[in-house]
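All figures in this text were calculated on a predicted structure; none of them were measured in a lab. Every chain is numbered from 1, with letters handed out A, B, ... down the list of sequences.
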Amino acid sequence: MEEYEIKWQQKWEEQKLYDAEPDDRKKFFVTFPYPYVNGSLHMGHAFTGSRCDAFARYKRMRGCNVLFPFAFHATGEPIVGASKRVKAGEEKQWKQYRGEGLSNEEIKSFEDPRNIVTHYRALSTELAKQMGFGVDWRRSFTTIDPQYNKFIEWQYLRLKEMGYIVQGTHPVIYCSKCDSPTGDHDRLRGEGVSPVEFVLLKFRAGDSYLMPGTLRPETVFGVTNMWVHPNATYVKARVGSEKWIISKDTVEKLRNQLTDVEVLEEFPGKELIGKTSTNPLTGSEVMNLPAAFVDPCGVTGVVMSVPAHAPLDYLALKDIQDNPELIAGYGIDPVLLRKITPISLIRVDGMGEFPAIEVSRELGVSDQNDPKAEEATKLVYKKEFHTGVLKDNTGKYAGMPVRDCKEKLTDEFIAGGRADKMWEPEDFVQCRCTNRCIVKILENQWFLKYGDESWKEKARAALKKLVLYPEDYRAQMEYSIEWVQDKACTRKSGMGTRLPWDKEWLIETLSDSTAYMAYYILAKYIYSEGISADQLTPDFFDHVLGGNGSAEEVAVKTGINKELLLQMRSDFGYWYGVDFRNSGKDLISNHLIFFIFHHVALWDDEKKWPHGIGLNGFLTSDGEKMSKSKGNVVILSDVLRKYGPDAIRLNLLYAAEGTADPDWQSRQAEAMRGWIKKFMELAPIQSAERELSPIDKWMLSKTQRRVSVATDAYEATAFRTAISQGFFELMNDYKWYRQRCEGNAIVDRYVVGVLAKILAPVMPHASEEVWSKLGNEGSIFNASWPAVEEDGVDRVAELAEGVVRTTSEDVQSIIELTKSAPKRVFVYVSPEWKRVAWHLAKQAGDAKQVIPDIMADDSVKSQGKAAASYGQWLAKNLHVLGDVISQEEESSALQNAVGFFSKSFGSEFVVLPADKAEYDPAGKAGKALPMKPAIYVE
RNA sequence: GCAGGGGUACCAAAGCUCGGCUAAAUGGGCAGGACUUAAGAUCCUGUGGUUUAGUGCCUUCGUGGGUUCGAAUCCCUCCCCCUGCACCA
C-alpha cells in the first residue's frame, strides 16, 4: 500500500466519515451480503464490495445520506466442521491454518468454533478497511451473537403466526455415518445429484415379492428375466403386511424412508438364481440370472432385464448365452436359457425393433463390463423417452408416447397394488467422510411456505417495483419466484438460532439471512448501549421494527429506556428499505428471492421493501476460473500489499460490468498503478490563468461530455463505462489538449477536479489526495458531483478540433510516406458552396436526388463540372456524411493551430481558402472537402 | 434435461435497443522508434492482408443459411461456454 492510501484511511476514520446518522438529506442504504467467516475476505468479496462501496460513494457525492454497514455470517456447518477437524487433529486442516500464519496455540483455540469466527471477523474487518470500504463499523455483528438470535427468533415467530412456516417431511441425500444431510460441497462425488423416486415392481415369488427397482416402469412389459448379484446378500423381509425379497443393503435404506421393515431370513444371492417370479402386468414367468453389474447397494439390488431397450441387459444376457460356463453350477436348463429373447415394446422412429441391440453394435460395446455400456444406455434412454411410443403389447397404454405415460402408469401400478416406490440418489453420491450416501426422509422438518400463492403474489409485486442493476436479470428473478417451492428452513446441527417453538431445530443458514439488514439499524444501539439478549423480546422488535405497542409499555417490559426505543424506531423509519443490495448472480434463485419474500411478509409498508438489487458475474483470474487445484487463487491480502486498494478497485471495476464475468488480469493491475500515478501527477496545477482560447473551450466541452456519460453510467452501476469515459478517455482528451497548448489554470483546475470527482468512487484514496493538492479543504466525499451544464457541450468547438486533429494525422502520414522533411505545408479549406451542397445532399436522403437537388442551388450550379463530380461523390457517400462547420469556422480553427502544426512538423504551415488559393502548384485545392482540407507538402 | 445469460481481433472488453460514419472504441500485451551509458519509467508509432501523398481494395466479429443496395448489428439452423436447478454457504 502507498503512503497516501494509509494516510487517507486514517483521516477518514478520524473524521468518522462513514458514521451515518439520520438528517435532512435523502437516505441511501447499501448492503453487501455478509461474508461467511470460515476464512477472510477473498477476491470475489473484493469485487462485490468494490461495487457496493463505489456506488455508496457516488450516491454520497450526489447528495445522499449513505449508510453502508457490514456484518459477518457464521451460521451453519462449515465452521463447526472445521473446528471438529482441528479437534480431531486432522493434518490437512492444521496445515491450512499454519499456512495462514497461525500459531499452534491459535489453531488449538479453534476447537471452540466461536474463536474461528472471532479470528476471521477481525481479519476481514481489517481487509475491508484496507480496501477503503467506507463502512459504518458501529453496526457490525455476527450471526451467532445472542442479540442477533433474538432478532431471528422474532422474525420466525412472526412468520409462523402468518402461517408461512409449516411442518412436513421431505427426502434428502444423507450420510448415515455423519448422521446428517450431505450438501453439495460435503460430497466427494455426486455434486448436483438429487433424490429421485424409483418404482419397485412386485414380481410374485411364492409367498413373497421379488422387488426390482426401475426408473422405466413402462418397460415391465418387456421383462425377460431378472438380475441378481450372486455374491451379494439378500433378505426376505416383512415390509408392512407384505414379504419382499431385496438386497440386505436395501433394508437400512427403507428404514430411513419411514418404512417399517423386519428381516425374516438372510441368504446369498446365488440361492435366488434359477428361480422364477411372475410379472405383475403380463403374468409371464421370468427367471433370476446372475449379473456382475448389479449393485446390491443400488435401489433394491434386484434388476429387471429388458434386453430390447436396455443395452446393459442385452449385453449381460448375451454374455451368459454365449458363455454357458458362466452359469455352470446354478442348475439352469441351457435350453430355457437359450429360449430367452428380447421383447420389444417401444417404437422409435428411425430405429429398428431392438434399439438396445442396435446402439450397442453401433458403439461397438463388447460386453457388460465395457465402460461404453453406460453411454449406450443413456443414448437409448434419451431417444426412447423423447420420441418413443408404446407398442400394442402394453395393453391399455398402447400408442401412448413414453414421455406422457410414465406418471399415469406409475400411479396406476401403485394403485393396483402392483408396484411401490422408493427414493434413491439419481447417481452415486459419496460423502466427504467417504461413506456412500442414501436418501433419508426427514420428519417434522419445518418449511418456509414459498409455494404459497398469496406470498408469491406479494413477492412479484415487490420485484416489479424494485430496480435491478442491471435489468438483464429480471427474467431470471421472475422465473425464480415462480419456481421456488416450500423450502426446508431448519437443520439439526451447526451454529445459529434455535427455532423458538421447537428448540431441537436450528434455523438454517440461508433462512436466517433474509431480512437481517433491518438489524443493522438497531445494532448500533444494541451494542453501544449494552442491551442484552434477554431484553430483546418479540415486543421489542414489534415495536421498533413494526411500530406496534407503545414505547412506555415496551420500556417497562424490556427495561430498555423509552427514549432509546423511540430513537431506534425513528432511525428505522428513516433508514429502512434497502436501496442497493449487491450480490453474485448465483444467489438469484435463493438468497435474493428469499430476501424479497421475507420483506413483503414482515412489512406491509412498501417503503420497507427492497428498492434495488445489484448483480454481478463471477471473478475469474487471468481468464480461468479460480480454484485451489489450478493454483491460481488470488489472495486479497497479497494483492493489497502488491498493488494497493486503488489499483485493485480500478482493475476490478474496469474488468466487467453488466452480466459479464469480470476477469482479474494481474498484468493489467500493474498497469493500473501507472495510470493512477499519472493521474496523481496532475496536481497541483502548474499553469497560469489566461483567457479562454478555442482549444480551452474544446477541452471544457469534452469534459462536459465525459461527465455526462460517466454520470449516467454510475447511475446504472456501469462502472466500467464510467472508468472508460471518465478516466481513460478523459485522460486522453487531456493529453491531446496539453499537446496542443501550454495549459490554462482555469481549464486545468476544472479538468483535474472533474477527474478526481469522477474517479473518487472507484479510487477514493488517489482522488482524495489530488483533491487536497488542488487546494480544496475537506474531503472530496463532501464535495458535490460535477454538474452537467445544459450548454456545456460546444458542438462547433469539438468539430473544429476534429478537423485540426485529422489534418495533423494526415499531414503526418504524408510526411512519413514521402520520407522527407517538409519545407512548407499548405492546407486548403473547402469553399462554402461545398458545404451548402453537403447539407442539401443530406436533406435529399436519396442518392438519386442528390445531383438534381444540389444543382437547384445557384451557388453550387455555378461551379459547373466541379459541382457535378462533387455531387457524385456526395451521392456515393451519402450515408456517411456527418456534421460540418462553415468554411470560416474551419479556417479559423486551423489558423489557431498554426503554432502547433509548425512545431510538430518542424516547418512553416499555411492555411488557405481552397477557392481563393494564391499558391497551389500541385493543384490540390480542388480536392478539399468540408472537414477535410486538401494538403500540399512542399 | 429445464431456465437465464453469453460467444467480437494476442488477452480483456465496447458496439449490437435505432442495419451504413466499423477493420471495429478503450485498457492490457507485443513490436518498432525517441529519450537514457544501460535498465526502468515516460513519450511516439504500429498491431488482418495488400496497396497509396492523407487512399483504395480484399478477407474478418462462433457455424451455416436468409432478409437488404448494404449486417458484428435483423430472422432461422447448428455448435460451444458460463450460472442456477435448493435445504448448501
Side-chain angles (χ1 to χ4, degrees), chain A residues 33 35-36 38 73 75-79 170-173 181-187 191-192 194 382 385-386 442 445 447-448 450 472-480 482-491 494 508-511 513 584-591 594 617-618 620 622-623 625 650-651 654-672 674-675 677-678 720-721 723-725 727-729 732 735 739 806-819 827 847 877-883 922 924 927 932-937:
Chain A
Y36 192 71
N38 61 342
H73 197 203
T75 307
E77 312 254 354
I79 292 174
H170 80 133
V172 289
I173 302 285
T182 313
D184 255 357
H185 42 251
D186 292 328
R187 299 179 190 175
E191 242 182 84
S194 14
K382 211 166 138 183
F385 181 76
H386 288 106
L442 293 180
Q445 170 66 272
F447 290 86
L448 282 159
Y450 293 139
D472 309 49
Y473 286 106
R474 188 167 291 278
Q476 174 127 29
M477 293 278 302
E478 282 166 353
Y479 175 81
S480 295
E482 300 315 314
W483 159 86
V484 72
Q485 286 307 316
D486 294 359
K487 178 189 178 291
C489 63
T490 52
R491 273 190 87 114
E508 172 277 332
T509 145
L510 281 169
S511 306
S513 310
K585 61 182 174 185
D586 54 326
L587 292 182
I588 290 177
S589 64
N590 47 47
H591 171 70
F594 301 165
F618 286 139
T620 55
D622 288 315
K625 215 170 167 177
L650 181 60
N651 198 34
Y654 186 66
E657 68 190 20
T659 60
D661 290 333
D663 186 39
W664 171 267
Q665 300 195 322
S666 33
R667 296 180 115 161
Q668 185 122 345
E670 192 61 52
M672 289 301 184
W675 278 97
K677 200 175 150 218
K678 237 189 280 184
R720 184 180 217 279
T721 302
I723 292 165
S724 175
Q725 291 288 320
F727 191 30
F728 297 124
E729 299 277 13
N732 287 343
K735 189 165 85 183
Q739 275 171 32
T806 52
T807 304
S808 164
E809 285 163 7
D810 288 350
V811 173
Q812 203 71 53
S813 69
I814 291 170
I815 292 172
E816 270 163 37
L817 279 164
T818 56
K819 291 192 178 101
V827 297
N877 294 287
L878 190 59
H879 51 269
V880 296
L881 298 180
D883 286 351
K924 295 279 183 192
K927 287 190 173 175
K932 199 166 176 63
I935 298 163
Y936 173 58
V937 178

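If you check every strand for non-hydrogen atoms under 4.0 Å, Y654(A) touches a base. H170(A) comes within contact range of at least one nucleobase, with a heavy-atom separation under 4.0 Å. Q668(A) comes within 4.0 angstrom of a base, heavy atoms only. Here I935(A) lies in heavy-atom contact (under 4.0 Å) with a base. Contacts of E670(A) with the nucleic acid, taken as non-hydrogen atoms under 4.0 Å apart, are absent. Among the heavy atoms of the strands, none lies under 4.0 Å from Y473(A). When heavy atoms are screened at a 4.0 angstrom cut-off, N590(A) is found touching base atoms of the nucleic acid. Across all strands shown, P933(A) has heavy atoms under 4.0 Å from base atoms, whether or not it also approaches the sugar-phosphate. Heavy atoms of N877(A) sit nowhere under 4.0 angstrom from any nucleic acid atom. Across all strands shown, L510(A) has heavy atoms under 4.0 Å from base atoms, whether or not it also approaches the sugar-phosphate. Within the 4.0 angstrom heavy-atom criterion, no nucleotide atom of any strand lies near V811(A).
Atom SG of C489(A) sits about 11.0 Å away from atom CG of L510(A), to the nearest 0.5 Å. Between the OG1 atom of T620(A) and the CH2 atom of W664(A) there is a distance of 11.5 Å, given to the nearest 0.5 Å. Atom-to-atom distance recorded for T721(A):OG1 and E657(A):CD is 3.5 Å, nearest 0.5 angstrom. Here the straight-line distance linking atom CD of Q485(A) with atom NE2 of H170(A) works out to 13.5 Å at 0.5 Å rounding.
Remark: the separation of the C1' atoms in G6(B) and U59(B) is 26 Å, to the nearest Å. U68(B) and U51(B) have their C1' atoms separated by 30 Å, given to the nearest Å. Nucleotides G62(B) and U73(B) are separated by 8 Å at their P atoms, to the nearest Å. Using atom C1' as the reference point in both A25(B) and C61(B), the two lie 14 Å apart (nearest Å). Between C44(B) and U50(B), the two P atoms lie 27 Å apart (nearest whole Å). G28(B) and A9(B) are spaced 14 Å apart, taking the C1' atom of each and rounding to whole Å. Here, A14(B) and C74(B) have their P atoms 16 Å apart, quoted to the whole Å. Using atom P as the reference point in both C82(B) and U67(B), the two lie 35 Å apart (nearest Å).
Across the strands present, C30(B) finds its partner in G46(B); the criterion is a Watson-Crick or G-U wobble pair with both atom distances under 3.5 angstrom. Across all strands shown, U67(B) forms no Watson-Crick or G-U wobble pair with both distances under 3.5 Å. The partner of G1(B), taking Watson-Crick or G-U wobble pairs whose two distances both stay under 3.5 Å, is C85(B).
Applying side chain to side chain contact (heavy atoms under 4.5 Å, CB included) to K932(A) and the options D810(A), T806(A), T807(A) leaves one that passes, D810(A).
A pairwise comparison of heavy atoms in A656(A) and A660(A) identifies CB-O, 3.9 Å as the closest pair. Of all heavy-atom pairs spanning F594(A) and V484(A), the tightest one is CE2-CG2, 4.1 Å. The minimum heavy-atom distance linking Y473(A) with G658(A) is given by the pair OH-O, 4.4 Å. Across every non-hydrogen atom of T75(A) and E508(A), the tightest pair is CG2-C, 4.5 Å. The minimum heavy-atom distance between V937(A) and I935(A), with the atom names listed, is CG2-CG2, 3.9 Å. Here the shortest heavy-atom pairing between K927(A) and A934(A) reads C-CB, 4.1 Å.
Here K625(A) reaches the OP1 or OP2 of U83(B): one of its side-chain N or O atoms lies under 4.0 Å away. Phosphate proximity of U55(B) to K932(A): present, with a side-chain N or O under 4.0 Å from OP1 or OP2. For R474(A), no side-chain nitrogen or oxygen approaches OP1 or OP2 of G4(B) to under 4.0 Å.
Under the rule for a salt bridge (Lys or Arg N to Asp or Glu O under 4.0 Å), the partners of E482(A) that lie at least two apart in sequence or sit in another chain are R460(A).
Checking U26(B), C30(B), C85(B) against every side-chain atom of R667(A), the shortest atom distance belongs to C30(B). Comparing U26(B), A53(B), G5(B) by their closest approach to the side chain of E729(A) singles out U26(B). Proximity note for S813(A) (side chain, C-beta onward) versus C11(B), U26(B), G54(B): the nearest is G54(B). Taking every side-chain heavy atom of Y479(A) into account, A3(B) is the closest of G27(B), A53(B), A3(B). Proximity note for S194(A) (side chain, C-beta onward) versus U83(B), A86(B), C2(B): the nearest is A86(B). Distances from the side chain of N732(A) to the nucleotides U26(B), G4(B), C87(B) place U26(B) closest. Closest contact between the side chain of D661(A) and the listed nucleotides C87(B), C82(B), G54(B) involves C82(B). You'll find that the side chain of R187(A) is closest to C87(B), out of C2(B), C87(B), G54(B). Residue W483(A) places its side chain closer to A86(B) than to any other of A86(B), U26(B), C87(B).
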Detail all sub-3.5 Å separations between protein N/O atoms and N/O atoms belonging to nucleotides 14-22 of chain B.
unit_1	atom_1	unit_2	atom_2	d
G20(B)	O2'	H879(A)	NE2	3.3

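The distance between atom CD of E482(A) and atom P of A3(B), rounded to the nearest whole Å, is 15 Å. Between the CZ atom of F447(A) and the C1' atom of C87(B) there is a distance of 9 Å, rounded to whole Å. Here the P atom of nucleotide G84(B) and the CD atom of Q476(A) are 10 Å apart, to the nearest Å. If you take CG of D622(A) and C1' of G28(B), they are 11 Å apart, rounded to a whole angstrom. Nucleotide U83(B) holds its P atom 14 Å from the CG atom of L587(A), rounded to whole Å. Atom C1' of nucleotide C87(B) and atom CD of Q445(A) are separated by 7 Å, given to the nearest angstrom.
The distance between the ring centers of Y654(A) and F727(A) does not fall below 6.0 angstrom.
Mapping D472(A) and A488(A) onto RNA chain B via the closest heavy atom, the residue that lands nearer the 5' end is D472(A).
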Self-check item: Protein proximity profile, nucleotides 38-46 of chain B - base contact B, sugar-phosphate-only contact S, no contact -, cut-off 4.0 Å on heavy atoms
Solution: ---S-SS--
